[in-house]
**Q** 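After the structure tokens below, expect a handful of questions from me.
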2 protein chains.
Amino acid sequence: MTESSPPRGGSAASKRKDARRNQQTLLDAAAAVFVTSGVDAPVREIAAKAGVGLGTFYRHFPTRADLVIAVYRHQVDTCAEAGPALLANGPTPFAALERWVDHFVDFLVTKHGLAAAMQADGSGFDALHAYFIDRLVPVCTQLLDAAVAAGEIRPDLDAYHLMRGIGNLCIGTDSDPRYDARPLVVLLLAGLRRPHRT
Amino acid sequence: MTESSPPRGGSAASKRKDARRNQQTLLDAAAAVFVTSGVDAPVREIAAKAGVGLGTFYRHFPTRADLVIAVYRHQVDTCAEAGPALLANGPTPFAALERWVDHFVDFLVTKHGLAAAMQADGSGFDALHAYFIDRLVPVCTQLLDAAVAAGEIRPDLDAYHLMRGIGNLCIGTDSDPRYDARPLVVLLLAGLRRPHRT
DNA sequence: TGCAAAGCGGAACAGCGTTCCGTATCGTAT
DNA sequence: ATACGATACGGAACGCTGTTCCGCTTTGCA
């Protein structure tokens, strides 16, 4: 799982100048549109905002998921890298896990429709799901294992299910103002705690 | 029999014979298609299976949500009615809540895509979401209150959030075989438990 | 400057939910 | 039995998606 699947072969400078420029324009436009219209924004809207045609869009990002991944790759990587750091600095592994999960929820909740898109079936977003899982499950596993080793939580749950559950809980936070995923995520983690030893 | 003055009052038998027949055919076809293709099955597929045109479909069910509600109304009502019964027969309110939630999860998990459709935004499924909430939140509130009164759980969470969280956790159970929502739901409820008093 | 090769734009295709209206059927009054 | 108005039907058509395809333009090198 070293390399997932970048849109094009070499990422750096193996293309024509205008091609690279358009790709960047597209990324910027997508980032802007995602904020206002969510990640489900029509491809045409993004292409229009970038001032390019549909052909250009699809050449750079064969599937919508590739675009979303490209837009958020940096933030996902940052989130992944925060795991070990929190583990090193946190008072306890469980506290580190709590904070890391909080970061993750923050990320999901601020990206309209991202959580939903990640779990959506057959919408061509499978690659997005896979990317998140590949990148974050190992980190989550590390945090979970440490907390288990410290005797803070039960070993019942694997990282995949935890990530998946958190992601699911974050669905719809943007469309329904009265729904707040955070308390539920807290509860989920609380349910994981090992009953205090006697 | 006993229906001789149609122009008045009743909602049921005031239509033409073929209309009622087609409505039932549509319901049967939908129920069958939902099992195989999920609740997101194309309207055309359902209409074709029922052997009727699209116009007929939309006259009977102005929106897709109306169809889904009509198909599952009975089961939702059954679920709602099970609440008080479980509360009366269960050893403790929390046990009743657990069982009731289990029934609810069973229901959601066996209907492909139902959980996802319920939370889907702007897909015309809002009415579906509203129906579930209207029907089940009161029951859940009753169970929750009883458990709180019995000192079994913390009063942190309102029924809407719990229902919503459970519904969200059930999303994607059908499309991903390795994902199982049940343990997560159990964990969520476990997180609700009041720490044992001294 | 010339000229492949690489890239671009947008028309076109397929599939969706939904609307609309000419036509067929039903129920009844004659 | 027939005629006729109300009711319901079927499916073409519209608008919106994602995606593909191909004639034309731009680029970068000789």
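Each chain gets a letter, A, B and so on, in the order its sequence line appears, and its residues count up from 1. This structure is a prediction, so every number in the text was calculated from the model and none was measured.
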**Q** Go nucleotide by nucleotide along DNA chain C from the 5' end; which of A/G51 and B/V43 gets its closest nucleotide reached first?
**A** A/G51

**Q** Can you measure B/D66 atom CG to C/dG17 atom C1' for me and round it to whole angstrom units?
**A** 14 Å

**Q** Do any side-chain nitrogens or oxygens of B/H60 fall under 4.0 Å of OP1 or OP2 in D/dA8?
**A** no

**Q** Round to the nearest Å and state the distance from A/R20 atom CZ to C/dC8 atom C1'.
**A**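 To the nearest whole Å, that distance equals 17 Å.
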
**Q** How close or far is atom C1' of C/dG27 from atom NZ of B/K17, stated in whole angstroms?
**A** 9 Å

**Q** If you compare every side-chain N and O of B/N22 against the phosphate oxygens of D/dA8 (OP1, OP2), does one of them come in below 4.0 Å?
**A** no

**Q** Taking only side-chain N and O atoms of B/T56, does any of them lie within less than 4.0 angstrom of OP1 or OP2 on D/dA8?
**A** no

**Q** Kindly indicate, with the supporting measurements, whether the criterion salt bridge (charged side-chain N to carboxylate O under 4.0 Å, His left out) is fulfilled by A/R164 and B/D176.
**A** CA-CA 11 Å; A/R164 183 75 195 252; B/D176 184 350; 3.0 Å; yes

**Q** In this structure, how many angstroms lie between the P atom of C/dT19 and the CZ atom of B/R64, rounded?
**A**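 For the pair B/R64 CZ and C/dT19 P, the rounded distance is 13 Å.
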
**Q** With nearest nucleotides of DNA chain C determined for B/R59 and B/D18 from heavy-atom distances, which residue corresponds to the more 5′ nucleotide?
**A**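 On the 5' side of the pair lies B/R59.
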
**Q** For B/R21 and C/dG27, what is the distance between atoms CZ and C1' respectively, to the nearest whole Å?
**A**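 Distance, rounded to whole Å: 15 Å.
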
**Q** Counting neighbours of CZ on A/R99 that are heavy atoms of other residues, nucleotides or ligands and sit closer than 6.0 Å, is the number greater than 12?
**A** no

**Q** Rounded to whole angstrom units, what separation is found between the CZ atom of B/F61 and the P atom of C/dT18?
**A** 14 Å

**Q** Taking donor-acceptor contacts at under 3.5 Å, does the side chain of A/R44 reach the base of D/dG18?
**A**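 Counting by modelled atom types and ignoring angles, a donor-acceptor contact under 3.5 Å is found here.
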
**Q** Are the side chains of A/R154 and B/L187 in touch, meaning some heavy atoms are under 4.5 Å apart?
**A** yes

**Q** With nearest nucleotide decided by heavy atoms, which residue, A/P42 or B/G53, maps closer to the 5′ end of DNA chain D?
**A**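 Its nearest nucleotide being more 5', the pick is B/G53.
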
**Q** Is the B/F107 to B/Y72 ring centre distance short of 6.0 Å?
**A** yes

**Q** Given 3.5 Å as the limit, does a donor-acceptor pair link the side chain of A/R64 with the main chain of A/A41, or not?
**A** yes

**Q** So among B/D134, B/I69, B/L136, which one has a side chain to side chain contact (heavy atoms under 4.5 Å, CB included) with B/V76?
**A**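 In the set B/D134, B/I69, B/L136, the residue that makes a side chain to side chain contact (heavy atoms under 4.5 Å, CB included) with B/V76 is B/L136.
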
**Q** Would you say the side chains of B/H161 and B/D158 form a donor-acceptor pair under 3.5 Å?
**A** yes

**Q** Quick one: sort the B/W100 and B/F104 rings into parallel, tilted or perpendicular, breaks at 30° and 60°.
**A** parallel

**Q** Angle between the two end axes of the helix from C/dT1-D/dA30 to C/dT30-D/dA1, five base pairs per end, rounded to 10 degrees?
**A**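 For the helix from C/dT1-D/dA30 to C/dT30-D/dA1, the axes at opposite ends meet at about 20°.
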
**Q** Could you tell me how far apart B/F57 (CZ) and C/dC20 (P) are, to the nearest whole angstrom?
**A** 17 Å

**Q** Protein-nucleotides 1-7 of chain D N/O pairs closer than 3.5 Å?
**A**
from, atom 1, to, atom 2, distance (Å)
D/dT7, O2, B/R16, NH1, 2.2

**Q** Could you state the CG-P distance from A/D40 to D/dG18, rounded to the nearest angstrom?
**A** 9 Å

**Q** For the residue pair B/K49 and B/D28, establish whether any side-chain heavy-atom pair is separated by less than 4.5 Å.
**A** no

**Q** Compare every heavy atom of B/S37 with every heavy atom of B/E45, then report the nearest pair and how far apart it is.
**A**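 Closest heavy-atom pair between B/E45 and B/S37: OE2-OG, 3.0 Å.
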
